[in-house]
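Structure first, commentary second.
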Amino acid sequence: MNLNIPYHLENYIGGLFIGPLSGQFIDGINPATGEVFCQVPDSKEKDIELAVNAAKKVYPQWSVTPAEERFKILNRIATLIDENLDELALAETTDNGKPLWLSKRVDIPRASANFRFFATGIMHFAAESHTMEDKAINYTIRQPIGVVGCISPWNLPLYLFTWKIAPALAAGNCVIAKPSEVTPVTAFLLGKICKEAGLPEGVLNIVHGKGDTTGEAIIKHPSIKAISFTGSTKAGARIASIAAPVFKKLSLELGGKNPNIIFADCNWDKMMKTTIQSSFSNQGQICLCGSRILIEESVYEQFKSEFVEKVKKLTVGDPLNESSKQGALVSKQHFDKVKAAIETAKEEGGNILCGGNVVKLNDRCANGFFIEPTVIEGLGCECKTNTEEIFGPVVTLQKFKTEEEALALANACAYGLSATIWTQDISKANRVASKVEAGIIWVNCWLLRDLRTPFGGIKNSGVGREGGWEALRFFTEAKNVCVEI
Ligand code: NAD
């Protein structure tokens, strides 16, 4: 299969690759070099209209396609993703700036896993039945919703795009999907894969463009009945304000500011190794990264010196080099935002223990967007640095004396996506896990994912859950039929 990146990307509508009707494009920039490497369709309402019409045309056929058939097609998509791993990983890294080894080991394999997981999932999906003794029997039918919208962010481009599309398609919906305009390339290539896999024309439509235009056209379209969105809390609030008054089904996976709670009795070496990863993987641009590290006072100084020493050794470099632990930040705009957040931390009185500077590389990466992994201490839980999402290679250290104090610090934040707890005392772990205000808790591990588990946040981190049956339930409407005996 030829998966080279063309200079002009196209929308994938009704099984065809076509340019935006306006003829307008946005620059696609390689963040490791700062150079334009492709043009992204700047789609508008008319492009969405075209996509919705294509989806509506095929929906009557796709919605009754037997689950076995949907399984086969989605499984073929998964296989084709695996077969094109190298091309897809290179495209992801060029578009996003993450190390190539990370795209190869995590992003692309997870995209195929998403398709395979929901392909098999739909073969086992079942609905409930409730018997009322000798009076009646109720049975629930779960039917596809119709045409649904899936909108995803730039941090894990193909990984999160497919996490939404796969369950939507498996459940029998037709999809209008928009990847981030910052990282659209692997979504474009996925269109080619879906075509080769034999997905009927119009079942999946991939439309590129900006959030406030293309994205909002999806949210506002009256024929799109459900929206699955992953992105910032600000955009989530805007989307809810449009979709809620017209009663669209909504799943919102939003920002985070996750606590990483370290008790003195933890398995130290494992905690240290994992905490480096949970702080700086993907340049800290994972919604599940632990950006607020809370450490029991008795081991605070020991933690600080060992952690800082290890962070200083993380090589920031060309994402194509196997030795680069850290790649580029995703865009100039985000690079500026992270730099500004570091300045704010200084103004708030934070002490920069390491990092805090822009990294200037040579050769092809001379104009890339690189920042040193940064560790900050000395700030209280109420300051901006500890309450607002930075979403970059920046973590703070805070100390606590007691379990109650750890919980108070962990919960002193408007977000509630995930938390990590490090202790060998299983009762303490269970107690803290039940009281931390977050939707996803890891004890003595991080980012260990079973795709069957409910995934999502509370508070300002979102509404609804993805994963497993939760996703298939979201993408179906339950209808109860009560039959008198
Ligand atoms: P973003 O909100 O700017 O954009 C996300 C997507 O939404 C993009 O495709 C964008 O074009 C689109 N969009 C933006 N405004 C829109 C609008 N008004 N209507 C419709 N679509 C709109 O977020 P981002 O900067 O791409 O991603 C980073 C954010 O995503 C961070 O806050 C991060 O925490 C969050 N995130 C959350 C999860 C999770 O599972 N909870 C996972 C990954 C990222």
Side-chain angles (χ1 to χ4, degrees), residues 26 31 40-45 48 95-96 98 107 110 114 149-165 176-184 187 206-221 224 227-243 248 250-258 281-291 329-331 333-338 341 388-392 413-418 438-440 447 449 453-467 470-471:
I26 311 161
V40 186
D42 188 5
S43 309
K44 303 277 160 38
E45 279 164 15
I48 298 299
D95 215 10
N96 174 282
K98 65 178 69 201
D107 290 73
R110 174 59 191 276
N114 288 339
C150 296
I151 300 181
S152 58
W154 49 254
N155 65 322
L156 301 165
L158 193 63
Y159 175 136
L160 289 175
F161 193 62
T162 53
W163 181 232
K164 300 182 172 306
I165 289 170
I176 314 297
K178 191 193 91 60
S180 168
E181 64 277 28
V182 184
T183 53
I206 302 170
V207 188
H208 299 274
K210 295 177 190 157
D212 55 358
T213 49
T214 323
E216 286 206 10
I218 294 175
I219 309 296
K220 287 177 181 160
H221 199 290
I224 298 180
I227 302 289
S228 174
F229 171 82
T230 298
S232 61
T233 297
K234 187 170 170 231
R238 167 82 186 142
I239 288 168
S241 76
I242 300 168
K248 290 195 187 205
L250 268 183
S251 165
L252 300 172
E253 299 294 338
L254 309 176
K257 186 82 184 171
N258 310 310
S281 290
N282 206 34
Q283 297 71 249
Q285 301 166 135
I286 302 181
C287 54
L288 305 163
C289 277
S291 51
L329 268 68
V330 74
S331 65
Q333 195 190 6
H334 192 58
F335 170 78
D336 288 341
K337 188 189 152 203
V338 174
E388 294 181 4
E389 188 183 39
I390 299 173
F391 211 53
C413 182
Y415 292 103
L417 188 55
S418 72
I440 303 157
L447 210 57
R449 291 279 294 117
T453 58
F455 180 91
I458 62 172
K459 295 159 78 175
N460 286 5
S461 292
V463 178
R465 294 291 180 273
E466 297 186 312
E470 302 272 352

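Heads up: numbering here begins at 1 and tracks the sequence. In this text the structure is predicted, and so the values were computed from the model without any measurement. For ligands, and for the atoms within them, numbers begin at 1 and follow the listed sequence.
Taking atom 44 (C) of ligand 1 as the reference point, the nearest protein heavy-atom neighbour is N155 OD1, 3.5 Å. At the shortest separation from atom 18 (N) of ligand 1 among protein heavy atoms lies E216 OE2, 3.0 Å. The protein heavy-atom contact nearest to atom 41 (N) of ligand 1 is L254 O, 2.7 Å. Counting protein heavy atoms only, atom 39 (C) of ligand 1 is closest to C287 SG, 3.4 Å. Nearest to atom 7 (O) of ligand 1 among the protein's heavy atoms is F229 CE1, 3.0 Å. What sits closest to atom 27 (O) of ligand 1 on the protein, heavy atoms only, is P153 CB, 3.3 Å. Looking at atom 2 (O) of ligand 1, its nearest protein heavy atom turns out to be S232 OG, 2.6 Å. In terms of protein heavy-atom proximity, atom 40 (O) of ligand 1 is nearest to F455 CE2, 3.3 Å.
Interface atoms of ligand 1 facing L417, defined by a heavy-atom separation under 4.0 Å, are 41 (N). The contact set between ligand 1 and P179, taken as ligand atoms under 4.0 Å from a residue heavy atom, comprises 9 (O). Short contacts between ligand 1 and W154, defined as distances under 4.0 Å to a heavy atom of the residue, involve ligand atoms 24 (P), 25 (O), 26 (O), 27 (O). Close contacts between ligand 1 and L160 involve ligand atoms 42 (C), 43 (C) [criterion: under 4.0 Å to a heavy atom]. Residue contact check: R238 has heavy atoms under 4.0 Å from atoms 18 (N) of ligand 1. Under a 4.0 Å criterion applied to the non-hydrogen atoms of A235, ligand 1 contributes the atoms 2 (O), 14 (C), 15 (N).
Below 3.5 Å of separation, one finds no N or O of S461 facing any N or O of ligand 1. An N or O contact shorter than 3.5 Å links S152 to ligand 1 by distance. For ligand 1, the polar-atom distance check finds an N/O of K178 within less than 3.5 Å of one of the ligand's N/O atoms. At least one N or O atom of E389 sits closer than 3.5 Å to an N or O atom of ligand 1. Checked by distance only, ligand 1 and G215 stay at 3.5 Å or farther apart across all their nitrogen or oxygen atoms. Looking at T230 next to ligand 1, no N or O pair under 3.5 Å apart turns up.
Going from atom OG1 of T233 over to atom CD of E253 covers 10.5 Å, rounded to the nearest 0.5 Å. Here the straight-line distance linking atom OG of S251 with atom CD of E470 works out to 10.0 Å at 0.5 Å rounding.
Within the structure, ligand 1 lacks G236 among the residues with a heavy atom less than 4.0 angstrom away.
Put simply, the side chain of F161 reaches to within 4.5 Å of the side chain of I206, judged on heavy atoms. Residues Y415 and L417 have side chains not in contact (no heavy-atom distance under 4.5 Å, counting atoms from C-beta outward). The closest side-chain heavy-atom distance from F391 to V338 is not below 4.5 Å. F455 has its side chain within reach of L288: a pair of non-hydrogen atoms, C-beta onward, lies under 4.5 Å apart. Inter-residue side-chain proximity for P184 and D95 is flagged as met; some heavy-atom pair is nearer than 4.5 Å.
Evaluated by nearest non-hydrogen atom to atom 35 (C) of ligand 1, the leading choice among G462, G255, G231 is G231. Heavy-atom proximity to atom 16 (C) of ligand 1, evaluated over G211, G149, S241, is greatest for G211.
Atom 23 (O) of ligand 1 lies below 4.0 Å from at least one non-hydrogen atom of the protein.
Residue K337 places its NZ atom among more than 12 non-hydrogen atoms of other residues, nucleotides or ligands, all under 6.0 Å distant. Within 6.0 Å of NZ in K210 there are 12 or fewer heavy atoms belonging to other residues, nucleotides or ligands. In the displayed structure, E45 atom CD is contacted under 6.0 Å by at most 12 heavy atoms of other residues, nucleotides or ligands.
Residue T233 does not touch ligand 1, judged by heavy-atom distances below 4.0 Å. With a heavy-atom cut-off of 4.0 Å, E253 touches ligand 1 through backbone and side chain alike. Residue-level proximity to ligand 1 for E181 is carried by the side chain, the only part with a heavy atom below 4.0 angstrom.
Remark: the backbone N or O of W154 is paired with a side-chain donor or acceptor of N96 at under 3.5 angstrom. With hydrogens and angles ignored, the 3.5 Å screen pairs a side-chain donor or acceptor of N114 with a backbone N or O of Y159. Side-chain atoms of N258 come within 3.5 Å of backbone N or O of C289 as a donor-acceptor pair. Using modelled atom types, no side-chain atom of S152 and backbone atom of T230 make a donor-acceptor pair closer than 3.5 Å.
Test K44, R238, K178 against E216 for salt bridge (charged side-chain N to carboxylate O under 4.0 Å, His left out) and you get one pass: R238.
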For a side-chain hydrogen bond (donor to acceptor under 3.5 Å, both in side chains) check, start with the C-alpha distance between S228 and K164, then their side-chain angles and the critical distance, and finish with the verdict. CA-CA 7 Å; S228 174; K164 300 182 172 306; 2.9 Å; yes
